[in-house]
Every structure is written in structure tokens, then in C-alpha cells.
Amino acid sequence: VGGDVTATPESDDNEYLCPVTIGGQTLNLDFDSGSSDLWVFSTSTPSSEQQSHTIYNPAKSSTFKELNGFTWQISYGDGSGASGTVGTDTVTVGGLTVKNQAVELATAVSSEFVTDSANNGLLGLAWSNLNTVEPTQQQTFFANAGPQLQQNVFTADLRHDQPGSYDFGFIDTSKFQGNLNYVPVDNSQGFWQFTVDGYAVGDGATGGNSFSAIADTGTTLLLLDDNIVSDYYSQISSAQNSNSAGGFVFDCTEDVPDLTLQIGDYAAVVPGSLLNFSQNGDGTCFGGIQSDGGQGFAILGDVFLKAQFTVFDQGNVQLGFAPK
Ligand SMILES: O=C([C@@H]1CCCNC1)N1CCCCC1
């Protein structure tokens, strides 16, 4: 048994939304391999915060069960957050169904979520030890689905300005070129965390120290150590770190170099075209590479993942990468 679901980018590839059916009601959710809560806008969300969102109404689901007294509260690294109550229901993603899945109902959401009307909640795909439900931590959709999957994996094929897909339970070899390159994962902090062995800017030599990184489908950009970020932008003459823009910008006419991350034997190339991320409207463009804020590991978000086919292997606790 498996599932295949379309991942549709919002404008500027800011995030990718996938249809999820909960108790017969379908909402578009942001699949996030950097967190482990499945939460939704619901009838419990203040009407002032519901705005133009699609909401889940547990009262209309014949399979919803309240988990009495259970609560959740999550804070994301970008400063956004949400909290609320918990129940279980039947959740279907791309034809793959999990019964008695913990579904977290938002009773409060931060402004970033209120104003993002295309996003009706998150489906966490990190490891269940990151789940925030109290008093009993809950399993993710992927963890619950694991036993019924032919292969205990999900794959991500995100694309620039066009629909991509997530597959659960199988690896579609038509979606990538060559062989998959696997790297071990340290899931002790709950992330899909692994070691990057070096990097190269443009056609330069691969160097630098090895560093820890996580694969995070819920982060838009490629967030790296400040030394690597400085090295990269030293190759773009007009680049500057703009407080008003919130990061490194450069003239849109510039030729933007590729970045290659050496992951074991695999040279993961992120083409310059993806590293010229968006236009600021004043002739400058915003870079796809930005600082990781010094939190001790790099965050390989959608800018990186768009350039790879990625296998999140729960059974063997490893990640697989291939070009596409
Ligand atoms: O909260 C997050 C991200 C935010 C965007 C969505 N994915 C999760 N973090 C990144 C990984 C380290 C901890 C903070």
C-alpha cells in the first residue's frame, strides 16, 4: 500500500501545499519534515483568525474522537506558532489511509498563519519524539503509516514554480537520474539530521569543514553557516546583507553561481537559477542562500530540495539523494 500526493508551490515557492482528507474533509496542508505535529485550522480556531482558511469541523466527522484534556503548543524557528486541543480521526494522503491519527485542532495561531490563507495547517514528517502533544506524545502520520507501507520511506520531489509530489511507501525511479546516494541520519534530536562533508561555490574546489544539516521541507530557503554564506556571496560583486530585505540581496542582472554540497560521495548541486530566489521589486534580488542564525546546524530547505530527489527512509534511518 502506498500514496502519491501533489505538492503545489505557493507564489515564489514560499511553501508547498498538499491535499489531506481528515474525516472526509479535505484541507491543503504544508508537509513539514522539520516538525512532528499534524495540526489544522478548525471550528475551534477564533473566527477572527479563520479568515479565508478552509477549516476542519470535527462535529461533522463520524470518525472523530476527542482526546480529552490533551493539548499541544508549537513554536517554529521562524517565530511563528500555534496551539490547541487534540483528537483522532481517519487521515488519508494520496490514497494512503491511517486510522486513529492524532489531529491537533488550533485554538490559537500566530499572525503568519492567519495571513497565509492557502495554508490550513501542517503535517509533520520529522520523528515523533518532536511531537508537542501533552500529556501523551503522539505519532506522526508517517510513523503510523509505516507498518502498512511496502517500503518504510517517503520521497520528496519538489519543483520550482510547478507541482511536485510526495510519495509514501515506494520509490518511483522515473523521478530521478542515476542511483540514490544514501547517508546515515541522526534522529536523536527528532530531525532528519546528517553530515555534509564540504561545499564548493561555482566551479571552485570543494573545501570547508564538515557540518551537520537537517532536511526540512517546511523551510523555504537554504540556511547555512555564516562563513559559507559570506564565502558564497563574495563571488557576487553587488551582493550585500540588507537589513530591510532581511538577508543577502544582489543586482538581478548578476550571474549567480551554483552551490555544491558534498554529501559522502554525492555532489549535490544547487543551480544558480534556484539561488536567485525572488525579486525585491527595486532591481535587487533576494538570495536563496541565507544565514542559519548560528543554531549549530544548517537547514536544507526547499531551495536545496528542489534540486534533488530525496528519500526519507524511516526503516533504515537514512536519507537518499539523487539528481533529477
Ligand atoms: O521550526 C523550525 C522549522 C520552521 C519552518 C518549518 N519547519 C520547521 N525549525 C527548523 C529546524 C530547527 C528547529 C526550528
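In listed order, ligands and their atoms are each counted from 1. We count residues from 1, following the sequence as given.
By the 30° and 60° cut-offs, the orientation of the rings of F304 relative to F321 is perpendicular. Ring orientation note: the planes of F191 and F297 are tilted relative to one another, at an angle of 30° to 60°.
Ion pairing between a basic and an acidic side chain is recognised when a charged N comes within 4.0 Å of a carboxylate O; K65 and D89 show no such pairing. Remark: D161 does not engage K306 in a salt bridge, criterion side-chain N to carboxylate O under 4.0 Å. A salt bridge links R159 to D157: one of the charged nitrogens lies within less than 4.0 Å of a carboxylate oxygen.
Residue contact check: F297 has heavy atoms under 4.0 Å from atoms 12 (C) of ligand 1. The Y76 neighbourhood of ligand 1 comprises atoms 1 (O), 4 (C), with distances under 4.0 Å to a heavy atom of that residue. Contact atoms of ligand 1 toward D32: 6 (C), 7 (N), 8 (C) (distance under 4.0 Å to a heavy atom of the residue). Near I214, meaning under 4.0 Å from any of its heavy atoms, are these atoms of ligand 1: 11 (C). Listed by number with element, the atoms of ligand 1 under 4.0 Å from a non-hydrogen atom of T219 are 5 (C).
There is no side-chain donor-acceptor pair under 3.5 Å between S230 and N227.
Closest protein heavy atom to atom 13 (C) of ligand 1: F191 CZ, 3.7 Å. Counting only heavy atoms of the protein, atom 5 (C) of ligand 1 lies nearest to G218 O, 3.4 Å. Protein heavy atom nearest atom 1 (O) of ligand 1, with residue, atom name and distance: G77 N, 2.7 Å.
Where the criterion is an N or O separation shorter than 3.5 Å, residue side chain and backbone included, D216 meets it with respect to ligand 1. For ligand 1, none of its N or O atoms has an N or O atom of G34 under 3.5 Å away.
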*Run the side chain to side chain contact (heavy atoms under 4.5 Å, CB included) check on L123 and V20 step by step: do they pass?*
CA-CA 9 Å; L123 189 144; V20 175; 4.1 Å; yes

